[in-house]
There are 2 protein chains.
Amino acid sequence: MLAKKTQYALKALTYMAEQHSAGPFLIADIGSKKKIPIKFLESILLELKKAGILNSKKGKGGGYFFNQDPSTIQLATIMRLIEGPIALLPCVSLHFYKKCNDCNEKKCGLNKIMKEVRDNTLSILENRTVQDLV
Amino acid sequence: MLAKKTQYALKALTYMAEQHSAGPFLIADIGSKKKIPIKFLESILLELKKAGILNSKKGKGGGYFFNQDPSTIQLATIMRLIEGPIALLPCVSLHFYKKCNDCNEKKCGLNKIMKEVRDNTLSILENRTVQDLV
DNA sequence: CTTTATCCTTCAATTTCAATAGGAAAATAT
DNA sequence: ATATTTTCCTATTGAAATTGAAGGATAAAG
Ligand code: FES
Ligand code: FES
């Protein structure tokens, strides 16, 4: 199960992508519509901004908006950014790999099956974008 | 990423299934071979026993052994038992479902995509057994 | 120069995770 | 009987992560 933080991030992005306008969107609005604690959401959006996904404007008329077209933002990118690894085991992770010191990857059946799961999952999450959420 | 506990459970079962003998296997042996802290492993195996996956015998010559044929134990069963939900969101979980109070499932794109991920994952984890790990 | 809204740091509560301690109970061997 | 082996059970610990709040700094607009 994804951490609440990741769920919130995905929900917030979904909300933003669903709107007809391009923003900017207020933290407070997103939070109240998607039932996300404001202060928690604040830190999440800031993180997405620092990663280049979002941009923001301060002051009246300000808020958050997309820094890239939603159709270019893979869901896998968001999840790796907020959640970390997508794979179920360290030894099958592409971006967060860590060797198993207690078994031989070449012969390990667990490794093989978990790689299969990973490839299946990535084939979805790397081919769907924030735009596909609307 | 799976919790360490779940990883340990899967590794222990893999180890047991890999052996030519049917056991019983000592906690201490499994633990030292798969680099799992003994006391932690102890509680994991006990949990698997209480769930009917394993059985055990005390005293000299005792240890843990399979209570059902490894080819009948789905990996999904182990993971749900130790880890909990396999799905990425509560609203797409089959065994641990919880409604989203902030969006309409029928129209929710996030829900739809995460269901796709779930189905893909389950098609693997429900069709592979502990026997397939060897 | 007031209002609005993000930015940033710090912190606190809670929960979860990982692991250990220590003994009780059961089975076997001597 | 008694000692040894091994699982069973409860309790507890310590560390880390998660979730979230407080409060002020900064920037922009009116
Ligand atoms: S190589 Fe990682 S579980 Fe075997
Ligand atoms: S219904 Fe669960 S995320 Fe939309």
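Just so we're on the same page: letters track the sequence lines, and every chain starts at 1.
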Report summary line: Taken to the nearest whole Å, CG/B/L46 to C1'/C/dA26 is 14 Å

**Report entry** For atom OH of A/Y64 and atom C1' of C/dA5, their distance in whole Å
**Finding:** 10 Å

**Report entry** Under-4.0 Å salt bridge between A/K50 and A/E47
**Finding:** no

Report task. Can you tell me the distance, in whole Å, between the CG atom of A/L54 and the C1' atom of C/dA5? Result -> 16 Å

Requested in this report: Going 5' to 3' through nucleotides 20-30 of chain D, assign each nucleotide B (protein heavy atom under 4.0 Å from a base atom), S (under 4.0 Å only from sugar-phosphate atoms) or - (no protein heavy atom that close).
Outcome: SBBB--BSBS-

Report summary line: Of the listed D/dT19, C/dA5, C/dC8, the closest approach to the A/A3 side chain comes from D/dT19

**Report entry** Earlier contact from the 5' end, DNA chain D, for B/L45 and A/K5
**Finding:** B/L45

Query raised in the report: Which is true for A/L26 with a 4.0 Å heavy-atom rule: it touches a base, it touches only sugar-phosphate, or it touches nothing?
Result: sugar-phosphate

Report task. Could you check whether B/I27 gets within reach of a base, just the sugar-phosphate, or nothing at all, counting any heavy atom under 4.0 Å? Result -> sugar-phosphate

Requested in this report: Examine distances only and state if a side-chain atom of A/N67 and a backbone atom of A/G52 form a donor-acceptor pair shorter than 3.5 Å.
Outcome: yes

**Report entry** Distance in angstrom units between A/E47 CD and C/dT9 P, rounded
**Finding:** 13 Å

Query raised in the report: Would you find a donor on one side and an acceptor on the other, under 3.5 Å apart, between the side chain of A/R80 and the backbone of A/H95?
Result: no

**Report entry** Qualifying side-chain hydrogen bond (donor to acceptor under 3.5 Å, both in side chains) pairs, either residue in residues 56-65 of chain A, two or more places apart
**Finding:** A/K49-A/S56

Requested in this report: Taking side chain to side chain donor-acceptor pair (under 3.5 Å) as the test, write out the residues that go with A/Q74, two or more places apart.
Outcome: none

Requested in this report: Could you check how far CD1 of A/I44 sits from C1' of C/dT6, rounded to whole Å?
Outcome: 15 Å

**Report entry** Distance test, side-chain N/O of B/K49 to OP1/OP2 of D/dT7, below 4.0 Å
**Finding:** no

**Report entry** Trace of the side chain to side chain contact (heavy atoms under 4.5 Å, CB included) decision for B/D69 with B/T129
**Finding:** CA-CA 10 Å; B/D69 194 283; B/T129 69; over 6 Å; no

